[in-house]
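A quick write-up on the structure given underneath.
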Amino acid sequence: MATLRKLGRRTDHRQAMLKNLVSSLFINGRITTTVTRAKDAQRLAEKMITLAKKGTLAGNRQVSSRLYSNAVARKLVEEIAPKFADREGGYTRVLKLGPRRGDGAEMAILELVDEGLVVKKAHKPEETPVEAQAEPEVEATEEAPVAETESETAEAPEAEAVAETEEKPADAE
């Protein structure tokens, strides 16, 4: 059986803190906290996403009972869980940041894994030859307009300076 970290808190306080961390993760997609809190919140978040993925009434009720807000539970079931339908696990990741300035505690970012990034990485080798052929043409067409716009801006620096001076008093107010 896995040992539970107590995190220097009573049981009820620890459970409330972890529920709040997981709720914030589902709302924002990423949270910054200490490494140990992130690892404990990660365990809870992974279990809740797995419950939400099942799509059963019992699973949805368990998710709702473990979160304070029904809106967050609804977002988890309707938006977040379907993104991970094809994934067997590993819905979150912990990225270590280094020590906190005040007390030296190791900080980390706990975030939901973005499915879009995983799909792009998987398809990138297949698209590379096509992109390699198209890139020189695109770059050549992009360089020509850039050169024209640079010459146009070089001819009219006075007009830009006048426009900038007119904007500055408005910004000062």
Side-chain angles (χ1 to χ4, degrees), residues 1-131 134-135 138 167-168 170-173:
M1 182 170 211
T3 6
L4 295 175
R5 293 182 189 97
K6 297 193 177 184
L7 302 173
R9 306 272 188 267
R10 291 188 328 265
T11 304
D12 57 342
H13 188 189
R14 181 176 58 251
Q15 289 173 347
M17 179 186 62
L18 290 174
K19 283 182 181 183
N20 284 326
L21 284 172
V22 171
S23 295
S24 295
L25 174 66
F26 293 146
I27 291 169
N28 301 317
R30 142 187 306 204
I31 57 171
T32 304
T33 184
T34 62
V35 174
T36 53
R37 287 179 185 177
K39 287 181 180 181
D40 281 353
Q42 181 181 29
R43 288 176 53 196
L44 184 59
E46 298 265 342
K47 289 176 184 176
M48 295 187 60
I49 292 172
T50 302
L51 278 173
K53 269 180 39 176
K54 290 181 182 178
T56 62
L57 179 61
N60 293 349
R61 286 182 176 171
Q62 285 180 353
V63 166
S64 293
S65 72
R66 293 181 184 174
L67 292 174
Y68 290 122
S69 171
N70 287 334
V72 176
R74 190 176 306 113
K75 180 178 180 178
L76 173 62
V77 170
E78 295 175 358
E79 297 175 21
I80 298 171
K83 291 180 183 178
F84 298 114
D86 298 333
R87 198 174 179 99
E88 293 297 319
Y91 314 115
T92 59
R93 74 177 132 225
V94 175
L95 303 171
K96 294 184 180 179
L97 294 176
R100 182 164 46 195
R101 185 171 182 180
D103 61 356
E106 286 295 320
M107 298 299 289
I109 294 175
L110 175 63
E111 65 183 3
L112 294 171
V113 175
D114 187 13
E115 282 295 307
L117 294 174
V118 175
V119 172
K120 288 179 185 175
K121 289 179 183 176
H123 292 295
K124 209 169 198 176
E126 297 171 6
E127 296 175 357
T128 311
V130 176
E131 291 175 359
E135 283 182 16
V138 173
E167 292 176 356
K168 287 182 182 178
D171 291 339
E173 295 175 349

Would you check if Ile80 and Tyr91 make a side-chain contact, meaning some heavy-atom pair closer than 4.5 Å?
-> no
How many angstroms lie between atom CG of Leu76 and atom OG of Ser69, to the nearest 0.5 angstrom?
-> 11.5 Å
Given Leu112 and Arg93, is the side-chain contact (heavy atoms from CB on, under 4.5 Å) satisfied, shown in steps?
-> CA-CA 6 Å; Leu112 294 171; Arg93 74 177 132 225; over 6 Å; no
Measure across Ala41 and Leu18 and return the closest heavy-atom pair with its distance rounded to 0.1 Å.
-> N-CD2, 3.9 Å
At their closest point, which heavy atom of Ala52 faces which heavy atom of Asn60, and how far apart are they?
-> O-OD1, 4.4 Å
For the atom pair CG (Leu7) and OG1 (Thr34), what is the distance rounded to the nearest 0.5 Å?
-> 7.0 Å
Should Glu106 and Lys96 count as an ion pair when the cut-off is N to O under 4.0 Å?
-> no
Would you mind telling me which of Arg43, Glu111, Gln42 makes a side chain to side chain donor-acceptor pair (under 3.5 Å) with Thr92?
-> Gln42
Which atom of Arg87 lies closest to which atom of Gly89, heavy atoms considered | NE-O, 3.2 Å
Roughly how far apart are Asp12 CG and Met17 CE, rounded to 0.5 Å?
-> 11.5 Å
Look up atom CD in Glu88 and atom OG1 in Thr50, then write down how far apart they are to the nearest 0.5 Å.
-> 9.5 Å
Side-chain donor or acceptor of Gln62 paired with backbone N/O of Leu51 under 3.5 Å | no
Going through the distances and angles, do Met48 and Leu67 end up as a side-chain contact (heavy atoms from CB on, under 4.5 Å)?
-> CA-CA 9 Å; Met48 295 187 60; Leu67 292 174; 3.2 Å; yes
Determine, for Asp40 against Arg37, whether the closest basic-nitrogen to carboxylate-oxygen distance falls under 4.0 angstrom.
-> no
For residues Ile109 and Leu97, determine if any side-chain heavy atom of one lies less than 4.5 Å from a side-chain heavy atom of the other.
-> yes
Indicate yes or no for a side-chain donor-acceptor contact from Asp103 to the backbone of Ala105 under 3.5 Å, with no hydrogens or angles considered.
-> yes
On a heavy-atom basis, the closest approach of Ala45 and Leu25 is CB-CD2, 3.8 Å
Interatomic distance, NZ@Lys47 vs CZ@Arg66, rounded to 0.5 Å, equals 8.0 Å
Heavy-atom side-chain proximity of Phe26 to Lys75 below 4.5 angstrom = no
Does CZ belonging to Arg9 count more than 12 external heavy atoms closer than 6.0 Å?
-> yes
Shortest non-hydrogen separation from Leu44 to Lys19 and the atoms involved = CD2-N, 4.4 Å
Is any side-chain heavy atom of Arg61 less than 4.5 Å from a side-chain heavy atom of Thr56?
-> no
Least distance between heavy atoms, Pro82 atom then Val77 atom = CD-O, 3.4 Å
Gln15 CD to Asn20 CG distance, which is reported to the nearest 0.5 Å = 12.0 Å
